[in-house]
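Since this is a predicted model, take the numbers as computed values, not measurements. All ligand and atom numbering here is 1-based and tracks the order in the structure. What you see below is based on every heavy atom in this structure, not just the backbone, and it leaves out hydrogens, waters and symmetry mates.
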Amino acid sequence: IINTWSDLSPCHAHLRERAESVKRGVLMAGGLPFELPALSLGEVIVKPTSMLYRNLLAMEVEELLRSHPVDGVVLLAGCDKTTPGTVMGAISMGLPTIFCAAGPMLNDRYLKAGEPERKVGAGTHTRLFWDEHQAGKVSEAEWIELEAHMTRSPGTCNTMGTASTMTSIVEALGLALPGSTSIPAMDAAHTRMATTCGERIVQMVWDDLTPSSILTRGAFLNAVAVQMALGGSTNAAVHIIALARRAGVDLTIDHLDAIGREVPVLANLFPSGDRLMEDFHYAGGLPALMSRIRAHLFLDQRNVNGQTLEHNLEGVQVLDDAVIRPLNNPVSANGALAVLRGNLAPDGAVMKA
Ligand code: FES
């Protein structure tokens, strides 16, 4: 178990407890669990920027797995750079790998006399309210109160920022159990999911189900389609290409551009929409979203649960059309990203559409 827990990483604050759940699952399946701590990169804490350390984490994970007697790995991560960092390291090492996402923090709401109730999350809202604070529209006392609402529990930022985009991409690639990455960090289902990851990795070791047998070209094209349907973060463009290169798959921003022109944004989540990750989970999570865009997906791709995507999407339904919109009423008809080229960016630039 690679654990990115740290006292200075609020999104990973619960991962020591979750590691115990994973261990229970490993033991139940007849394996022997060991926990290996790895560099934690809390996005809002690490200076000057966590991006400088993503590849350091990837190297650390790869070498932790190479230098110890390990047969398979459960990755406990979820922040913007810990997800791609741990997965990149695990891809390079090539042992059976399952990703156990930290899960999004709980939603909150902000009530102010005389004003309509506002749903409040982290990330996008933090910047929004900080701007209002700078403009004098939100007082110091109100800003301090809002801080408590914006970070209501352990877990990753609950907007469709980089953290949620990356954990969703890893699930779409097939490296996380179906529907697992949107489970709120503080939900009892999250503990059960961590235990299931522990049980599953033992069988994956017996089956020698390695990342190379899951991370095909089709898996990456599925992940890009999901990124577009989610209205995912522009930062994910950097990480998904890095992941693809680790896996030996040719993927460029031109592929992102082409798929973005085909796949509409269906997830009504901040910042493209007005809901948060908890809402997305109750609407059916990623399997529900993928069922809506199945015409754009390679359904023969495998998941760490040993099944094909086609099998995993059988009977899956969207439970709330307001959160995961139907194809005839998208949040945006085009994908989340646009790729531009010109004298300012000859090699290309990626923008939110
Ligand atoms: Fe870690 Fe946002 S700061 S997920």
Visitor: Give me each pair satisfying ring-ring contact (aromatic ring centres under 6.0 Å, His included) with a member in residues 222-278, each pair once, sequence neighbours excluded.
Guide: H125-F270
Visitor: List in chain and number order the residues that pass ring-ring contact (aromatic ring centres under 6.0 Å, His included) with H311, two or more places apart in sequence or in another chain; answer none if no residue qualifies.
Guide: none
Visitor: Please answer whether the main-chain N or O of A77 pairs with a side-chain N or O of H12 as donor and acceptor at a distance below 3.5 Å.
Guide: no
Visitor: Check step by step if salt bridge (charged side-chain N to carboxylate O under 4.0 Å, His left out) holds for R127 and D131.
Guide: CA-CA 6 Å; R127 293 181 179 90; D131 285 349; over 6 Å; no
Visitor: Is it true that atom CZ of R261 has more than 12 heavy atoms of other residues, nucleotides or ligands lying nearer than 6.0 Å?
Guide: no
Visitor: Let's test this: below 2.8 Å, count the protein N/O/S atoms around atom 2 (Fe) of ligand 1.
Guide: 1
Visitor: Scan residues 223-236 for pairs that pass side-chain hydrogen bond (donor to acceptor under 3.5 Å, both in side chains), counting only residues two or more places apart or in two chains.
Guide: T162-S233, T162-N235
